[in-house]
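Beneath this line is the structure, given in structure tokens, with notes to follow.
We use all heavy atoms of the structure for the numbers below, so side chains are in, but hydrogens, waters and symmetry mates are not.
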Amino acid sequence: MSTWEKTKGQMEEVAGSAIRKSAHAVGNEKLAAKGGALQMRGKARRLKEKGKDTLP
């Protein structure tokens, strides 16, 4: 469907992963959880848009 929404999801996924990994490195578990949530939100957005493309 929307290329922008797919890209937005992918950007959220990458940013969330980076936040999560850097927060784990410094021991900030609260921030790591927020980064993981952002990563999952991006993945969900990307998969939603991918699903829209497969529907007729």
*In the hydrophobic clustering that connects Ile, Leu, Val, Met, Phe, Trp and Tyr at side-chain heavy-atom distances below 4.5 Å, which members other than M11 occupy its cluster, ordered by chain and number?*
W4

*Which residues, ordered by chain and number, are linked to V14 in its hydrophobic cluster, where ILVMFWY side chains connect at heavy-atom gaps below 4.5 Å, directly or through other members?*
none

*For K21, does the NZ atom sit with more than 12 other heavy atoms under 6.0 Å from it, leaving out its own atoms?*
no

*Around E5, counting heavy atoms of other residues, nucleotides and ligands shown, do more than 12 lie under 6.0 Å from its CD?*
yes

Kindly list each side-chain donor-acceptor pair under 3.5 angstrom involving residues 29-43, sequence neighbours excluded, with atom names and distances?
unit_1	atom_1	unit_2	atom_2	d
Q39	OE1	R20	NE	3.0
R41	NH2	E12	OE2	3.2

*Out of curiosity, K6 NZ to L47 CG, how far, rounded to the nearest 0.5 Å?*
11.0 Å

*Is there a donor-acceptor contact under 3.5 Å from the side chain of S22 to the main chain of A18?*
yes

